[in-house]
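These notes concern the structure reproduced below.
Just so you know, ligand 1 is whichever comes first in the structure, and atom 1 is the first atom listed for that ligand. No hydrogens, no waters, no symmetry mates; every other heavy atom, side chains included, goes into these values.
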Amino acid sequence: MLIKRARFTEPLPSEITPRSLFESRREFMQQLAVGSIAASAMLDSALAQNTAPRSKLAARANPAYFAKDKPTAFADATSYNNFYEFGTDKGDPMLYAGSMKTQPWTVRIDGEVKKPMTLDIDSLLKVAPLEERLYRLRCVEGWSMAIPWVGYSLAELIRKVEPTGNAKFVEFTSLADPKQMPGVGSRVLDWPYVEGLRIDEANHPLALLCVGMYGQTLLNQNGAPVRVVLPWKYGFKSAKSIVRIRFTETQPHTAWNKSAPSEYGFYSNVNPEVDHPRWSQAAERRIGEDGFFAKKRKTLMFNGYPEVAALYTGMDLKKFF
Ligand code: MTE
């Protein structure tokens, strides 16, 4: 049987991942290598399910947040993904994320809030009118996309739960269910995937609580049924398939920061002047537009969203990377 591959050749895992993580990935691939006819049939049904159209979402395009960039093709945005719960290859999320059950789904919102609550997706969809926003997303690995996301400002949800005066940070936790997510059995990260923001960052209107893309509900490989999108930060800050949002007084321990603190800081703002220890962040390749031999495009400070600069006044962004 022909096994379909991701649309792009990915950089070597050894180039993008610390050595220890690269080695656990090999172990994970061995676990997956069942090689049976049953596995091929499962793969076929996973592919069919994972590329099927989703429900349409009515959303008004917000011109204030609509980048002039050419939108990345739907096929590219849904086949070249990072979602390590499903494996570390770019094509793994498309192949394996179909096993994730996204209905019913609830998000627990608690911690330093006056009104803790558990919301299902229908209730989350009603918190504020849905908007379509074309945002650039720049991955720390040196590639980027421009995607028409659907959602509303995270600030709308934050207002609803009424944070207490002690709420200084917001922590996002993704689903980590080994029964549905083959990658959660690996030691690639200390699961669950946790990310975090300072509360003023989370309240910036650009921070998007995202429930869809390309006019329909999110595909599993992109973080269904709910994720965040933070276009001025490297892609790994935009946690997918969120099950809990917790308000805290102290800075959250994020999964990437725990695994390699010298490589992944808490802030992780896109910054062409601060290189990752193993590669430059000065330029990027737009998926679907810039071929491997094309000259890379220059990466812009805060990924070209200068309106967030005021959040970091007086901070040394080389130290707080
Ligand atoms: N969220 C979870 N739960 N697990 C992940 O592995 N990968 C991150 C981020 N969110 C990741 C995640 C990274 S590295 C990137 S670049 C973006 O998701 C990719 O989002 P996309 O696949 O929708 O483009």
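Under a cutoff of 6.0 Å and an axis angle of 45°, Lys240 and Phe172 do not form a cation-pi pair. A cation-pi contact, defined as under 6.0 Å to the ring centre and within 45° of the axis, is absent between Arg54 and Tyr214.
The aromatic rings of Tyr234 and Phe236 sit parallel, their planes meeting at an angle under 30°, below the 60° perpendicular limit.
Looking at atom 6 (O) of ligand 1, its nearest protein heavy atom turns out to be Tyr84 N, 2.7 Å. Looking at atom 21 (P) of ligand 1, its nearest protein heavy atom turns out to be Lys240 NZ, 3.5 Å. The nearest heavy-atom contact from the protein to atom 4 (N) of ligand 1 is Glu85 OE1, 2.8 Å. Given atom 16 (S) of ligand 1, the protein heavy atom at minimum distance is Cys139 SG, 3.6 Å. Here the protein heavy atom with the shortest distance to atom 10 (N) of ligand 1 is Ser238 O, 2.8 Å. With hydrogens left out, the protein atom closest to atom 17 (C) of ligand 1 is Gly235 O, 3.5 Å, a heavy atom. Closest to atom 7 (N) of ligand 1, if we only count protein heavy atoms, is Asn82 O, 3.2 Å.
With ligand atoms numbered from 1 in the order given, ligand 1 contributes 8 (C), 9 (C), 13 (C), 14 (S), 15 (C) to contacts under 4.0 Å with heavy atoms of Phe236. Ligand 1 places these atoms under 4.0 Å from at least one heavy atom of Ser174: 3 (N).
Salt-bridge annotation for Glu131 and Arg60: present, with a side-chain N of the basic residue lying under 4.0 Å from a carboxylate O of the acidic one.
The side-chain heavy atoms of Pro163 and Glu112, taken from C-beta on, include no pair separated by under 4.5 Å.
The distance between the ring centers of Tyr312 and Phe302 falls below 6.0 angstrom. A distance below 6.0 Å separates the ring centres of Tyr84 and Trp256.
Contacts of Arg227 with ligand 1, taken as heavy-atom pairs under 4.0 Å, involve the side chain alone. With a 4.0 Å heavy-atom cut-off, ligand 1 is reached by no atom of Met145.
Close N/O approach between Gln221 and ligand 1 is not found [any backbone or side-chain N/O within under 3.5 Å].
Legend: residues meeting side chain to side chain contact (heavy atoms under 4.5 Å, CB included) with Pro272, ordered by chain and number and at least two apart, are Thr299, Met301.
Using a 3.5 Å distance cut-off with no hydrogens or angles, the side chains of Lys90 and Asn81 do not pair a donor with an acceptor.
For atom 8 (C) of ligand 1, the choice among Tyr80, Tyr193, Phe83 with the nearest heavy atom turns out to be Tyr193.
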